[in-house]
Amino acid sequence: MSKEKKTNEEDIKIYEETVSIDRSRQKSRKIFVFYIVGLFCVALVLILVSYVMQAHANQQLEDLGAQLTQQTDAVKGAKAKADQMQETIDAMTSQLDESKKENEELKAKTEEQEKAIDALNQLWQLEQAYRMGEDSEALELIAAMDKAYTREILTDEKTEPLTGDAAKEYAEICSILDAEEE
């Protein structure tokens with residue numbers, strides 16, 4: 001019995017050790033399963049975080065793309081406006097140049113007309129002096145007119161400042177006074 005008891009005790013001990021090992025294995029398995037589940041959850045969380053970050057980055061890229069498109073459109077609009085303004089400036093510059101040319105032409109015509117008016121005024125004074133019999137004053141006026149314009153120009157019926165009948169009249173008075181002087 002003692003041997004039997006010993007064997008029983010040994011069996012019990014072995015059984016208890018086996019049960020203890022099984023329990024520790026079961027416990028290890030539970031810990032291992034829990035560890036695997038934990039790692040899987042962590043991996044899922046990391047994947048989820050990565051997805052959210054990627055979605056956020058894509059949204060930001062889309063927003064930046066839209067902003068860039070708006071800015072590009074604004075720049076194109078500003079460039080078109082600047083081009084239009086440059087065309088307007090060019091057109092206005094050419095109009096200004098034309099106006100300056102016209103102004104110069106008008107100034108030249110005005111000067112010619114002023115010379116013609118002055119010559120006609122002097123011719124009128126000459127006629128008045130001639131009719132009043134003031135030959136010396138008339139000769140002074142002729143000398144002044146000849147000095148200012150030359151007799152050839154004043155007696156030519158087609159050339160300014162005296163044209164047509166005025167040039168004929170001047171030539172007539174000059175020839176009469178020149179004849180009287182001789």
Side-chain angles (χ1 to χ4, degrees), residues 43-182:
L44 280 176
V45 167
L46 288 175
I47 290 170
L48 250 169
V49 167
S50 174
Y51 174 76
V52 168
M53 288 175 65
Q54 184 67 32
H56 182 69
N58 285 343
Q59 183 63 39
Q60 282 182 335
L61 281 175
E62 286 177 16
D63 291 346
L64 288 174
Q67 254 183 339
L68 182 62
T69 302
Q70 287 175 348
Q71 288 175 352
T72 303
D73 291 345
V75 167
K76 284 180 183 176
K79 186 178 183 319
K81 204 170 216 177
D83 291 344
Q84 184 181 13
M85 290 177 85
Q86 185 62 44
E87 288 174 8
T88 304
I89 289 170
D90 292 343
M92 292 176 104
T93 302
S94 66
Q95 285 178 350
L96 180 64
D97 291 342
E98 289 175 16
S99 295
K100 284 180 180 179
K101 286 179 186 177
E102 288 176 12
N103 188 24
E104 293 298 321
E105 290 171 4
L106 288 173
K107 280 183 181 179
K109 284 182 181 179
T110 302
E111 288 175 9
E112 288 176 16
Q113 288 177 351
E114 286 175 354
K115 287 179 182 179
I117 289 170
D118 187 43
L120 287 171
N121 188 27
Q122 288 178 347
L123 178 61
W124 180 76
Q125 291 173 359
L126 176 63
E127 287 175 351
Q128 293 297 334
Y130 176 72
R131 287 196 183 135
M132 302 288 272
E134 298 174 5
D135 291 345
S136 64
E137 189 179 329
L139 286 171
E140 284 178 19
L141 285 168
I142 289 173
M145 290 175 74
D146 284 349
K147 185 177 179 183
Y149 304 103
T150 73
R151 191 168 290 192
E152 278 182 18
I153 292 174
L154 291 171
T155 56
D156 187 359
E157 294 177 19
K158 296 179 182 175
T159 316
E160 293 282 334
L162 298 177
T163 57
D165 291 338
K168 283 181 189 176
E169 193 171 335
Y170 179 75
E172 219 176 278
I173 293 172
C174 286
S175 63
I176 291 171
L177 287 176
D178 285 345
E180 286 178 6
E181 218 177 80
E182 291 176 8

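- Considering OG of Ser94 and CD1 of Ile89, their distance stands at 12.0 Å, rounded to 0.5 Å.
- Shown here are the side chain to side chain contact (heavy atoms under 4.5 Å, CB included) partners of Glu112, two or more places apart in sequence or in another chain: there are none.
- With rounding to the nearest 0.5 angstrom, the CD atom of Glu134 is 11.5 Å from the CD atom of Gln125.
- Under the rule for a side chain to side chain donor-acceptor pair (under 3.5 Å), the partners of Asp90 that lie at least two apart in sequence or sit in another chain are Gln86.
- Residues satisfying the salt bridge (Lys or Arg N to Asp or Glu O under 4.0 Å) criterion with Lys79, sequence neighbours excluded, are Asp83.
- Taking CG of Asn121 as the reference point, atom CD1 of Ile117 lies at 9.0 Å (rounded to 0.5 Å).
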Run the side-chain donor-acceptor check on residues 46-55: report pairs under 3.5 Å with partners two or more places apart or on a different chain.
residue, atom, partner, partner atom, Å
Gln54, NE2, Asn58, OD1, 3.4

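- Ser136 pairs by the side chain to side chain contact (heavy atoms under 4.5 Å, CB included) definition with nothing, not counting sequence neighbours.
- Remark: Glu62 pairs with Gln59 by the side chain to side chain contact (heavy atoms under 4.5 Å, CB included) rule, at least two apart or across chains.
- In this structure Asp118 satisfies the salt bridge (Lys or Arg N to Asp or Glu O under 4.0 Å) test with no other residue, sequence neighbours excluded.
- Rounding to the nearest 0.5 Å gives a distance of 14.0 Å between NZ of Lys115 and CG of Leu120.
- When the side chain to side chain donor-acceptor pair (under 3.5 Å) test is applied to Glu102, no partner is found at least two apart in sequence or on another chain.
- In this structure, Lys76 NZ and Thr69 OG1 are separated by 9.0 Å, a value rounded to the nearest 0.5 Å.
- Between atom OG of residue Ser99 and atom CE of residue Met92 there is a gap of 10.5 Å, rounded to the nearest 0.5 Å.
- Applying the side chain to side chain donor-acceptor pair (under 3.5 Å) criterion to Gln60, with sequence neighbours excluded, gives His56.
- Asp97 is linked by a side chain to side chain contact (heavy atoms under 4.5 Å, CB included) to Thr93, counting only residues two or more places apart in sequence or in another chain.
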